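The model shown is predicted, which means the values in this text are computed figures rather than measured ones. Residue numbers begin at 1 in each chain, while the letters A, B, ... track the order of the sequences.
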Amino acid sequence: MDAITAIAPTRVRINRLLPYWAVFQADLKATFNSWIYRVWLLLSLGVLVGYLLYRFGARHIAGMIQSAPDTMGDLMHWVIYGSLTLIIAITAGAICSERGSMADSILCRGISRYQYFLGKWHARLVLILGTFFVKNILAMIGAYFLLHSEAITIHGSLVAMLVVASMLVFVITFGVSVSAMSSNTLVSIAVVWMTIYGGGFLLAQLPSIIPSPERALQALPNVIKGFYDWNALSRTMLISLGVSLGTAMVGMFYFARRDV
Amino acid sequence: MAEISSGLVVETDQLTKIYQNRQIALNDVTLKLEPGSVLGLLGHNGAGKTTLLRLILGLHCPTAGWVRLFGQKMTPNAASLRCRIGYIPTNPQFPSGMTPITYLDYIARLFGLPAEARKPRLASLIRAVDLLGASGDRIENFSNGMIARLAVATSLINEPDLLIWDEPTLGLDPEARRSMLELIKTLARDKTLIIASHNLSDIDEVCNHAAVLSHGHLIYFGSLQDLKGRMKRNHYEFELEGDQKAITRALQALKGMSDFKFVNLKQRRLEIRMSEEINNTNALANIFMTFADSKVTVISIRSVGMQTEQAFLDLVEEEASRGFTRAYKNAA
């Protein structure tokens, strides 16, 4: 190993964005290759394809007609409810599962805690939201052609996906933030799971003037048909994004001051 | 080596770490490390060595006190300071599925090294640590020696001014250990190193400074030479030649003297432990006079116990015996 000292030292200009980008890319790849992500992808694709084929069969064989927007509304509603547990598992272990030696070997390098948190958070956001959009665009196209419905509008479909995506942004952000504050993956998953489901249930019990995920999901068929109040929906989405941003800030600043 | 504004590479002041108000891992540690030093960090398991290293690296936040590196305060977000450090943890962990090339590239990107600088650098390091043949293999299939060499390459990818290596020879075979020690000696020519190790002979061989931690308290910080100077020189072994009766006669005479706590003869090898309060020069003179009177020839004489190890053990024992007085610096 004497040859090491023969390597001439070189002074180079440091790229300050590169550590963030390295964590982002590595986490995107690792999450994509993780079994839990693949289980989520396969299950939700299976449900989407299965439900569309069931509706197609019911229409042609039994004459049971359900409009494409209603079918898509059902799918988004129930696939999201079913997916939440797996999405929580994907996000709530993002940082705390690497505590100890693995985090040591990354955080002792030229990377700040902020960059590490942002890299992890953005990687999970991109992967989960990207998967959600691709799956739902395919499902919309499938519903349009299989169920021969003229009722699906492009702008309505887009807005419906944005509404659900804004809720997913909160779930992902909350998961990663709790993961940054927790030392144990199971505890982190339990906290996020109870907060998301418990919070969703409580919001649904409040008067309808207060936006709730359940009410937003129930309104999806009408949104897909193009019947929606943009101001109300944009307010719901902005609240969700604002709360997500606040949660991320709390998680990031706490993580920046804790022991790893 | 880069210019260091305060003249010190590492400076800690009253550094204290208490975990969750339950465990005092480090207590009031103040030390100053100058450029070019090779510091051996000694201490039993749980003495606080790794905690001190993690505080220096900014992986942990101090409960009290502070750490400065190259004149600047270390914090968890001091990424630019960590760009000047090369760290090897006790048991380096590597992400599964990576090869030495992908891993070193990843680490180099974590230091913000652009492609034109990191690619040639990682290629040179892989060659230098003899991993060229395994550069495309998955790291999880590597032996301990290969892992250690990869960890060395990782700690050098950013051309650091300060190297912090926690137990670098742990789990290595004798050949790999020797190679590692030679590397440390070579690197010490132009870098500052902190080596934490249980293996005192390693510290003895490569370090010029020592810090001894005991139960989170820094009980010694200074040159290794001074540490050895504090060693109690009261245990000797003589190899003798001469008539067996003469040797036995000398043995009886020595046993009769009050200067010695323990005298034992085993196959012409005489082991003597002196009382701590006596002057060892006078005692040795008495021993030689006894041998001369009994017409016994001395073939060799050696001080028993590895020097650094003995000094370390003496220091820890002395600290333990101080009891309550250890709380008061004036009494120390």
Answer yes or no: is there a donor N or O on one side and an acceptor on the other, between the side chain of B/Thr16 and the main chain of B/Gln14, under 3.5 Å? yes
With chain B, the option among A/Asn33, A/Val260, A/Val23 that has the most non-hydrogen atom pairs under 4.5 Å is A/Val260
Under a 4.5 Å heavy-atom cutoff, which of B/Ser155, B/Pro76, B/Gly97 has the most pairs with chain A? B/Pro76
Within 45° of the ring axis of B/Trp165 and under 6.0 Å from its six-membered ring centre, is that where the NZ or CZ of B/Lys49 lies? no
Measure A/Arg16 against the heavy atoms of chain B and call it side chain, backbone, both or neither at under 4.5 Å. side chain
Please determine, among B/Ile85, B/Asp105, B/Ile157, B/Ile107, the option with the most heavy-atom pairs under 4.5 Å with chain A. B/Ile107
If only atom types and distance count, is the side chain of B/Asn27 paired as donor or acceptor with the main-chain N or O of B/Gly216 below 3.5 Å? no
Quick one: what part of B/Thr154 sits under 4.5 Å from any heavy atom of chain A, side chain, backbone, both or neither? both
Without swapping roles, check the side chain of A/Thr247 against the backbone of A/Phe174 for a donor-acceptor pair under 3.5 Å. no
What part of B/Leu59 gets closer than 4.5 Å to chain A, counting heavy atoms only: side chain, backbone, both or neither? both
For B/Lys185, look at atom NZ and say whether over 12 heavy atoms of other residues, nucleotides or ligands are found less than 6.0 Å away. yes
